[in-house]
There are 2 protein chains.
Amino acid sequence: MSDQRVENMSLKHAVLALLQAEEGSGYDLSKRFKSGLGYFWSASHQQIYQQLKKMLAEQLIDVREMPQVGKPDKKVYQITALGEEVLRQWIESPCKASKVNDAFLVKLYAGDCVDNQVLLAKIVEQQEYHRKLLATFELLERQYLDLDPAQRSSYKLPYMTLRKGILGEQAWLAWSKEALALLTD
Amino acid sequence: MSDQRVENMSLKHAVLALLQAEEGSGYDLSKRFKSGLGYFWSASHQQIYQQLKKMLAEQLIDVREMPQVGKPDKKVYQITALGEEVLRQWIESPCKASKVNDAFLVKLYAGDCVDNQVLLAKIVEQQEYHRKLLATFELLERQYLDLDPAQRSSYKLPYMTLRKGILGEQAWLAWSKEALALLTD
DNA sequence: TTGACCATGTAACCAGTTACATGATTTG
DNA sequence: CAAATCATGTAACTGGTTACATGGTCAA
């Protein structure tokens, strides 16, 4: 009577991915989600703290308490051998289709019940956001390209995901120009 | 002491968007999610049936029971004036940042704990998926372009979202070629 | 002195997934 | 004869969001 749980949802795995690269506190992980992984896997700090508690119980991670002076104490988490094994197996398992929930496109889709000006303004507003994001990505890319070849090779995979971000944002901006042209005829 | 609920999550609004275009049963909506809107807003049939029940209670929609012969009876839902108003206000309200959860990219990001071959195979497998999706989109585009100008204008906004799909998938495929090259050096 | 950053969490609620449940008709 | 399509739902669970809660340091 084995407890064959399917175990497929993956904030857990995203956290393992981060801890595999480097140990860190909940707060650290939260920042790393915001700056890197978060562009394709989002997580709030509340979610992260809860998740770490669960993962500790499952022995996927260990914790070390770090007293600090002038700052609140930290709990620094490390991935365990079991955690690494679980991560590896998850990576090798089939990918679930990625879920997209893009409210902006739903609004456009149903946009004939509002004024055209409203839609134009929305697109322009989103362009602003995507331009900034692309600029951020391009900055990160320049930093990567300035590394010497040895260091570059150790960041090759994260760099690949960064390139995904760059091409994706460029495509978004190219689309938005088309969209504005279509709307203004 | 007003009950100022923020009311921002939007399966509800996606359903209103579909019903605004045309009335339909839960089953119909489910299919329409799968074929069109679903590319940027996903919903299971269970979710849809529950949502319709709530929206009926909130008087955003009405229902008409349709007995059928040789098929199970249908409940056909229509958007109400209140529903239209709620949809309009939602469209005009600020967009929440769209949430992405892409397990494939998390796997790549953390991929140095598995064999390179595994990653190559994953990319090729995903390419397959994205090629098919692009082909589907291109078919829909051809259908749109074959319409006469009058009809085209009434599908202009959905067509814009289709173009988003096409440019997005093309970018994905372009990226994947880069990624394969990077991985095999 | 205001706001950002550091650092941790709990609780209530809402949204989404998985599993279960039924049953007729049509197509290969 | 099996599988897909039509058509509706419930129940239990898991994942995610919002709101609340605390409190010190540092820079403008």
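Each chain gets a letter, A, B and so on, in the order the sequences are listed, and its residues count up from 1.
End-to-end axis angle of the helix from C/dT1-D/dA28 to C/dG28-D/dC1, from C1' rotation axes over five pairs per end: 50° (rounded to 10 degrees).
Taking atom CG of residue A/D73 and atom C1' of nucleotide C/dC5, one finds them 17 Å apart after rounding to whole Å. Between the P atom of C/dG9 and the NZ atom of A/K74 lies a distance of 13 Å, rounded to the nearest Å. D/dT10 atom P lies 12 Å from atom NZ of B/K54, rounded to whole Å. A/H13 has its NE2 atom 13 Å from the C1' atom of D/dT14, to the nearest Å.
Sorted by residue number, the members of residues 22-36 of chain B with any non-hydrogen atom under 4.0 Å from DNA chain D read B/S25, B/G26, B/Y27, B/K31. A heavy atom closer than 4.0 Å to some atom of DNA chain C occurs in A/H45, A/Q46, A/Y49, A/Q50, A/K53, these being the qualifying members of residues 40-53 of chain A.
The stretch residues 98-111 of chain A participates, sequence neighbours left out, in no salt bridge (charged side-chain N to carboxylate O under 4.0 Å, His left out) pair at all. The ring pair (Phe, Tyr, Trp, His ring centres under 6.0 Å) contacts involving residues 55-74 of chain A comprise nothing, where partners must be two or more places apart or lie in separate chains.
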Could you list the donor-acceptor pairs under 3.5 angstrom formed between side-chain atoms of residues 112-125 of chain B and any protein atom two or more places apart in sequence or on another chain?
{"residue": "B/D115", "atom": "OD2", "partner": "B/Q117", "partner atom": "N", "Å": "3.0"}
{"residue": "B/K122", "atom": "NZ", "partner": "A/S93", "partner atom": "O", "Å": "2.9"}

Distance-only donor-acceptor pairs under 3.5 Å for side chains of residues 37-56 of chain B, two or more places apart:
{"residue": "B/S44", "atom": "OG", "partner": "B/Q47", "partner atom": "N", "Å": "3.3"}
{"residue": "B/Q47", "atom": "OE1", "partner": "B/S44", "partner atom": "N", "Å": "3.3"}

Please tabulate, for side-chain N and O atoms in residues 132-142 of chain B, each donor-acceptor pair with protein atoms closer than 3.5 Å (sequence neighbours left out).
{"residue": "B/T136", "atom": "OG1", "partner": "B/K132", "partner atom": "O", "Å": "2.9"}
{"residue": "B/E141", "atom": "OE2", "partner": "B/Y159", "partner atom": "OH", "Å": "2.8"}
{"residue": "B/E141", "atom": "OE2", "partner": "B/R163", "partner atom": "NH1", "Å": "3.0"}

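Nearer to the 5' terminus of DNA chain D, by closest-nucleotide assignment, is the contact made by B/V76 (compared with the other of A/L11 and B/V76). Toward the 5' end of DNA chain D, the nearer of the two residues B/K99 and B/K75, judged by each one's closest nucleotide, is B/K75.
Taking hydrophobic clusters as Ile, Leu, Val, Met, Phe, Trp and Tyr residues chained together by side-chain heavy-atom distances below 4.5 Å, A/V100 does not share a cluster with B/L162.
By the side chain to side chain donor-acceptor pair (under 3.5 Å) test, B/Q170 is found to be paired with no residue, residues two or more places apart in sequence or in another chain being considered. By the salt bridge (Lys or Arg N to Asp or Glu O under 4.0 Å) test, A/K31 pairs with no residue at all, sequence neighbours left out. With sequence neighbours excluded, no residue satisfies side-chain contact (heavy atoms from CB on, under 4.5 Å) with B/D146.
Side-chain atoms of B/R152 come within 3.5 Å of backbone N or O of B/L147 as a donor-acceptor pair. A donor-acceptor contact shorter than 3.5 Å links the side chain of A/K156 to the backbone of B/L182. Although no hydrogens or angles enter the test, the distance criterion places a donor-acceptor pair under 3.5 Å between the side chain of B/T80 and the main chain of B/Q59.
In this structure, the nucleotide among C/dA15, C/dA7, C/dT17 sitting nearest to the side chain of A/K96 is C/dT17.
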*Give the B/S/- string for nucleotides 23-28 of chain C, one per nucleotide from 5' to 3', where a protein heavy atom under 4.0 Å of the base yields B, of only the sugar-phosphate yields S, and otherwise -.*
B-S---

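Within 6.0 Å of NZ on B/K177 lie no more than 12 heavy atoms contributed by other residues, nucleotides or ligands.
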